[in-house]
Amino acid sequence: MKIFDIRQRMLLAALLPALLLCLLLSTAFLVSRFKDIDEAYGMHTHAVARQLALASEFGLFSANGQQLQTLAHGALREPDVRGVAIYDRGGRLIASVGEAFSAGMPAVASAVQPVSSEQDLADVLTQTVYASDLSLDDLYEAASSANQGQAVSLGQVVVKFSLQSVTQKKRDILLLGGLIMTLGLLFGAVLALRLSAGVIRPMVRVSDLIESIGHGDFAAAARVQAQTPAHDPLHHLQDNLMHMSDRLANVQQELESRVAKVTQDLREKKEEAELATQAKSRFLAAASHDLRQPIHAMGMFVARLAQLSHAAPTRQLIASLEASVHALQTLLDDLLDISRLDSGAVPVRIQTFALMDLFERLDQNLSLTALDKGLRLHIRPCHAMVYSDPVLLYRILINLVSNALRYTEKGGVVVACRRTSSASLMHIEVWDSGVGIAPEHQQAVFNEFYQVDSVAHQRRQGLGLGLGLGLSIVQRSCQLLQHPLQLVSRPGVGTRVRLTLPVQAKPADQPALTWAKVPASPETPQATRMPPTQDGQACPVLVIEDDDLVRQALAGLLQSWGFQVAQADGLSAAQALLHTGFVPGLIISDYRLKGDTHGLDVIVQMRQQLARAVPACLISGDTDPDLLQAARAAQLTLLSKPVRPAKLRSLLNRLLAVQRVRDES
Amino acid sequence: MMQRWRLYFIALAMGLLALPVQAQAPGVRVAIVSSQTGAPYMEAAQALVRQLESQGVPRSAIQLLNPADVASVPAATQATLKVWVALGTEASAALARARLNAPVLSALIPRRGFERVLRDSGRTASAQFNALYLDQPLPRQLALIRLALPQARQVGMLLGPQSWPEKPALIAAAGASGLSLRAVRLDDDALLFDALQSILADSEVLLAQADPLVYNSNTIQNILLTSVRLKVPLLAFSPAYVRAGALLALYSTPTQAGTEAAHWVLHALAMRGLPEQALEPADFEISVNAQVARVLGLTLDAQALRQALKRLEQRP
């Protein structure tokens with residue numbers, strides 16, 4: 001349905017009654033006028049016919065054709081008469097003027113017979129002429145029998161009348177009626193427009209005003225009110241509107257200022273929080289970097305110390321020292337891992353590989369720990385090919401199993417694969433018969449540094465447990481790999497952690513994994529005890545390190561492994577060494593050196609100066625992802641501080657082996 | 001004035017009709033049978049009764065009847081009746097059919113009407129069944145023409161088939177009066193104008209005699225119109241024709257007829273019976289249409305003419 005606006009509605013309301021009234025009046029007027037015209041026409045035609053009949057009586061009686069012709073001519077002069085014919089009683093045409101009659105004399109004896117013929121818009125009236133009946137009231141009359149009571153016909157008068165003038169009159173009246181109606185309607189419309197303008201204009205003005213207020217123009221009310229005369233019908237309404245809009249403006253202003261204030265507060269709070277987070281991050285980075293240097297040095301010192309021959313009690317002491325350093329390094333590794341996971345510096349390399357390899361390494365790395373604790377570690381063989389990042393998955397598993405072993409006092413830990421209902425997914429489950437986790441803690445154990453009270457108590461007793469980062473690392477790694485993690489535990493009974501990961505349906509030929517790059521692999525005792533290879537003994541190694549303590553520790557360790565070591569604290573010292581004729585077979589450089597120089601640049605310049613790609617590796621305490629990227633781009637291995645001596649040793653061996661193969665080729 | 005007269009007549013008629021009921025007197029001697037209760041009949045009846053009373057006939061001896069009551073008149077009454085008077089053609093026909101013992105006098109009846117009654121009843125005019133005509137005698141009419149239109153010599157007449165046989169007698173009578181009469185026969189009223197034209201062409205006066213075929217309410221207008229146009233005056237037989245445009249009318253009024261009938265009733269009551277021959281009215285009246293007279297350039301006085309005509313007739 002069409003929606004009329006207020007102006008159209010007003011016009012309609014004013015015009016519709018006027019239109020109806022006009023129509024009704026016009027119709028009544030026209031009907032009445034038409035009736036009058038028809039009546040007048042009828043009367044006129046009948047009168048003409050009757051008069052002619054009366055006048056023709058004697059003419060017909062006397063068969064006076066001339067007189068009748070004159071009469072007919074006279075009748076023809078009457079308005080609307082188009083033809084006259086006079087017939088005698090025998091039907092003979094005595095006189096005729098005007099239009100010819102198509103069908104001769106109508107053979108009808110009735111007094112008046114109108115014959116309408118639509119073709120020529122004419123009426124034909126036939127009037128029988130009777131001899132005048134003169135009542136004689138006579139005694140003789142009563143005796144007469146002939147013609148008693150019967151009128152004697154003398155003939156007939158036929159008159160043809162034109163309907164044209166009547167039709168014309170009707171048309172004129174219709175036109176006049178239409179004109180009057182149109183004028184009336186026009187007048188009504190003009191009047192309605194003029195009158196409604198007085199009502200509509202204020203309404204439209206108020207409507208516009210409300211729209212302006214709706215759009216936030218609160219000043220519009222006062223502006224419009226100032227322009228409105230006091231006698232305006234909507235003056236009072238506008239007054240109220242003005243007050244309303246004033247109040248609205250005040251409220252809005254107040255709200256805006258309040259919102260601005262709150263926003264400001266929030267911004268300040270946010271900035272504070274950001275500053276705090278940055279401070280924490282800075283602190284963490286600085287602390288881990290600064291802690292790394294001495295622990296790194298200490299690790300190397302202890303490794304070197306262990307290689308010396310000692311009395312039994314001293315050896316025992318050194319072993320404890322080594323264990324402590326190891327624990328310290330593990331904690332630092334965890335911190336570093338969390339820091340890297342948080343900073344998004346961990347690259348994910350999804351590939352298909354045999355889970356069994358991972359399990360074997362897990363068994364190698366943790367069976368001794370389990371044995372030490374008197375626990376049974378059972379890893380069920382699994383030949384599935386999984387689709388994941390082997391490095392991250394291994395870190396997840398080793399953290400889970402280590403955690404399980406840590407909190408289990410008796411019984412054992414089982415690692416098993418389990419097929420799921422879906423052929424493309426598989427569970428890896430780690431079961432333990434440990435202390436279990438109360439339901440209220442089950443979610444919180446994944447938070448950083450969170451430990452169940454009893455465990456914290458144990459820790460405070462110096463039992464050498466972790467910082468509580470293991471499960472946190474597990475959870476973040478699982479999120480990174482998009483492997484769902486599920487924990488079910490009953491205190492005092494045990495815990496089951498389930499990891500769900502995609503599996504490849506059929507085993508594919510997959511090259512054996514290399515683990516050289518795994519940075520956080522715990523050392524096997526065998527590695528540290530491995531003697532320096534023959535190849536390395538004569539190899540001159542250039543150690544570039546700005547920290548004297550670390551440099552000396554590294555140099556001492558390398559020398560203890562049988563390397564010939566030259567030391568430099570920066571690029572200039574290293575270049576000076578080269579000038580003395582020293583040719584390094586291997587370069588180990590710290591990343592961050594004195595000034596703005598970086599180990600990466602130093603190695604590049606050394607290689608340029610020596611004009612050969614001397615095997616080299618970087619050691620850094622930073623967890624900066626850009627650094628990792630740069631090292632990878634330069635095809636240099638980056639070792640994070642603290643570097644485990646065994647790890648360093650294996651890396652050096654590998655680098656030298658690669659170099660040897662290259663030299664031979 | 002006329003209205004009052006009419007009321008009076010009606011009251012009188014009612015009184016007369018009630019008479020036999022009041023007094024079934026054995027002395028009813030005159031029975032008046034009126035064709036209608038119209039004004040001329042009542043006028044005639046009234047004149048008749050008045051005349052009889054004035055001549056000593058008691059009111060109780062006169063009885064007024066309708067034509068339909070004639071058959072139911074008791075024998076006792078019939079026995080005492082001395083004379084029947086029929087007013088009008090209808091009453092006359094009823095009495096003709098009744099075959100009464102007492103003689104019957106028909107009054108207020110045109111000659112043609114009485115002739116038809118006689119024809120229909122197979123009777124002849126006699127002392128037992130006679131009539132006093134309304135029609136004026138032809139000599140009187142011709143005499144009036146001589147009086148009123150002294151220059152006129154040619155008299156024209158339109159005759160219907162019934163009166164046509166009388167043409168020779170008419171011509172003879174006219175000749176006796178010093179006038180020349182010409183008659184035209186009219187068989188069909190459609191030919192009226194032609195007949196009229198032919199007769200008027202040679203006539204100085206048109207003499208109308210009661211013949212319903214020629215003169216009736218439908219024709220009179222055109223006849224008068226034609227005659228006036230041709231400036232031929234018409235002598236008619238009824239005052240109505242004068243009112244319609246005839247110059248002159250010679251006639252007897254109902255009162256005159258009633259009074260004259262009373263004379264013959266008294267004649268019969270006096271045991272002298274009725275005449276054998278049909279009677280013609282003795283008294284008469286003349287009407288003149290002054291307007292028409294003026295048009296024709298005549299000056300006529302009806303009373304003077306009447307007196308003159310009377311004097312003429314009283315001369316031996």
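In this text the structure is predicted, and so the values were computed from the model without any measurement. Chain A is the first sequence line, chain B the second, and so forth, proteins listed ahead of strands; every chain is numbered from 1.
Across B/Asn222 and A/Ala131, no two heavy atoms sit closer than the pair ND2-CB, 4.2 Å.
Options B/Ile109, B/Asp135, B/Asp194 differ in how many heavy-atom pairs under 4.5 Å they form with chain A, and the most are formed by B/Asp135. Comparing B/Gln197, B/Arg229, B/Glu90 by how many heavy-atom pairs each has under 4.5 Å with chain A, the most go to B/Arg229.
In this structure, the separation between CG on B/Leu225 and CZ on A/Phe61 is 8.5 Å, given to the nearest 0.5 Å. With rounding to the nearest 0.5 Å, the separation of CD1 in B/Ile220 from OG in A/Ser132 is 11.5 Å.
The number of heavy atoms from other shown groups lying within 6.0 Å of CD (A/Gln164) does not exceed 12. Within 6.0 Å of the CZ atom in B/Arg123, the count of heavy atoms belonging to other residues, nucleotides or ligands exceeds 12.
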